[in-house]
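Residue numbering restarts at 1 for every chain, and letters A, B, ... go by the order of the sequence lines.
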2 protein chains.
Amino acid sequence: MVTLSEENYLKAIYHLGKEGTIAVSTNAIAEKIESKASSVTDMIKKLAEKNLANYVKYQGVSLTNEGRLAAASVIRKHRLWEVFLVDKLNFSWDEVHDIAEQLEHIKSLKLINELDAFLQYPTHDPHGDPIPDKQGNCSPIKSINILEIEEGKEGVLSFVKDSSDVFLKYLNKNNLALGDTIKVLDFEPFDNSLSIETKTKKLIISKEVAQNLYLSL
Amino acid sequence: MVTLSEENYLKAIYHLGKEGTIAVSTNAIAEKIESKASSVTDMIKKLAEKNLANYVKYQGVSLTNEGRLAAASVIRKHRLWEVFLVDKLNFSWDEVHDIAEQLEHIKSLKLINELDAFLQYPTHDPHGDPIPDKQGNCSPIKSINILEIEEGKEGVLSFVKDSSDVFLKYLNKNNLALGDTIKVLDFEPFDNSLSIETKTKKLIISKEVAQNLYLSL
DNA sequence: AAATATTTTTAGACAAGACTAAAAATATTA
DNA sequence: TAATATTTTTAGTCTTGTCTAAAAATATTT
């Protein structure tokens with residue numbers, strides 16, 4: 001049995017591992033999970049014990065196939081519940097994270113598969129993140145960061161990296177939503193800000209915001 | 001903050017208290033929750049500390065108004081989730097208990113109120129138990145035990161007391177479902193068994209079964 | 001390469017919630 | 001009512017998951 005706490009560590013390692021790194025560092029996990037390095041060491045030993053992680057002292061951790069599947073399963077549940085909350089219960093996308101964080105730990109295979117069917121097998125959650133399938137496979141998102149797009153070109157906002165409350169509220173305030181077509185007008189090298197155009201208006205976004213917007217072309 | 005464990009104790013005390021008793025005994029709680037008396041004593045102290053229970057050493061516990069509301073809120077969540085599972089996700093009523101037992105602890109007022117609306121404000125769960133409202137009030141069930149019904153009279157099966165897996169499976173096997181009209185034919189004083197008639201057939205039920213069937217007239 | 005800084009691990013402590021065994025209080029029976 | 005039985009509480013232990021502080025290993029700088 002994988003405990004709630006173990007699931008949270010698996011998730012963290014999974015997400016950090018995605019960035020192409022070979023092994024994830026103890027400190028990175030501690031920061032992500034808002035705990036201390038010593039707690040992380042304890043837990044990764046336990047995960048290794050259970051064959052969910054590969055761990056070599058001082059060399060960081062990676063997930064085993066079993067661990068990766070377990071992590072993907074938690075993420076699958078998290079994202080399906082997010083779809084449920086937004087599509088069926090009138091939540092907006094910036095309200096769902098904390099609740100999904102609780103719901104993702106509910107244990108029942110039948111539950112999640114029935115929920116998947118009830119929601120008509122969605123492939124992405126309300127933030128544009130892909131939903132892993134039963135086998136733990138993610139349809140890789142084919143979206144690129146807005147800073148890498150040439151001036152003059154446009155794309156469809158399909159994913160936002162940061163899904164914190166403050167950021168989602170910023171997007172709402174500025175009338176930016178998934179699915180919007182955005183044209184890149186001008187890059188300002190002084191502060192790395194970007195001037196963009198949506199259907200309704202022109203807008204200048206800071207480097208911090210731009211780093212979190214991903215478009216599909 | 002009320003912890004998961006505390007919520008389970010509140011629920012147990014609430015259910016046991018319903019039986020008209022003034023104060024609930026330590027042992028009764030231990031049995032219900034499948035723990036030991038000493039663990040119960042510890043927890044009761046904590047609940048009293050938090051003003052959720054009235055506790056006098058060696059005299060048993062009762063809930064304060066605050067405790068009663070907290071318990072009713074957990075039960076409300078449990079029963080609404082059961083309705084969701086049966087009505088929306090194709091679960092049968094004998095499969096939902098364990099999952100609802102997990103879902104009842106999810107914390108979000110908005111979630112449960114939206115769920116209530118989504119399910120169109122149901123008043124009873126799939127077992128016929130009434131669902132407490134936001135204020136913790138239960139529409140009292142107006143059903144009586146089948147053993148108290150006169151021979152020759154009939155009623156509608158509206159509630160089953162035991163909602164264990166084995167019992168619900170028994171009902172399924174014998175084609176008994178909530179909403180069925182049942183006629184009481186004959187009471188056998190030797191073993192307290194009861195001969196009954198449904199739309200489809202006649203059936204003899206044991207005392208143990210009869211004690212759990214409630215009909216509304 | 002030696003010195004310094006950073007990261008990671010170990011050792012020991014703590015809180016929550018459960019347990020066992022023994023003591024104390026209450027109930028029951030003779 | 002005294003003796004016995006049952007229930008409840010206390011005292012002390014255990015596990016899980018966390019923490020701090022110190023030690024050990026690895027990285028970085030000079």
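Residues from residues 25-32 of chain A that place a heavy atom under 4.0 Å from any atom of DNA chain C, listed by number: A/Ser25, A/Thr26, A/Asn27. Contacts between residues 33-42 of chain B and DNA chain C, defined by a heavy-atom separation below 4.0 Å, involve B/Ser35, B/Lys36, B/Ser38, B/Ser39, B/Asp42, listed by number. For residues 47-64 of chain B, proximity to DNA chain C is found at B/Tyr58, defined as any non-hydrogen atom under 4.0 angstrom from a strand atom.
Between A/Glu188 and A/Lys207 no salt bridge is recorded (no basic side-chain N to carboxylate O distance below 4.0 Å). Residues A/Lys107 and A/Glu7 are paired through a salt bridge, judged by an N-O separation under 4.0 Å between the basic side chain and the carboxylate.
Applying the side-chain contact (heavy atoms from CB on, under 4.5 Å) rule to B/Ser62 yields the partners B/Asn54; only residues at least two apart in sequence or on another chain are considered. Residues passing the side-chain contact (heavy atoms from CB on, under 4.5 Å) test with B/Asn51, sequence neighbours excluded: B/Glu66. When the side-chain contact (heavy atoms from CB on, under 4.5 Å) test is applied to B/Asp98, no partner is found at least two apart in sequence or on another chain.
Listed pair B/Thr3 / C/dA16 fails the phosphate criterion, with no side-chain N or O lying under 4.0 Å from OP1 or OP2.
Exactly one of B/Lys77, B/Arg76, B/His78 qualifies for a side-chain hydrogen bond (donor to acceptor under 3.5 Å, both in side chains) with B/Glu104. That residue is B/His78.
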Margin query: Applying side chain to side chain contact (heavy atoms under 4.5 Å, CB included) to B/Leu10 and B/Leu52, what does each step give before you reach the verdict?
Written below: CA-CA 8 Å; B/Leu10 289 172; B/Leu52 296 166; 4.1 Å; yes

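Between B/Leu4 atom CG and C/dA16 atom C1' the separation is 12 Å, expressed in whole Å. Atom CE in A/Met43 sits roughly 15 Å away from atom P in C/dT9 (whole-Å rounding).
Relative to the ring axis of B/Phe91, A/Lys110 places its NZ or CZ within 45° and under 6.0 Å from the centre. The cationic group of A/Lys88 lies under 6.0 Å from the six-membered ring centre of A/Phe118 and within 45° of the ring axis, placing it in a cation-pi geometry.
In a base pair of the Watson-Crick type (N1 to N3 plus N6-O4 or O6-N4) or a G-U wobble (N1-O2 and O6-N3), with each distance short of 3.5 Å, C/dT4 is matched with D/dA27.
Between A/Trp81 and A/Phe84, the angle of the ring planes goes over 60°, which puts this pair in the perpendicular group of the 30/60° scheme.
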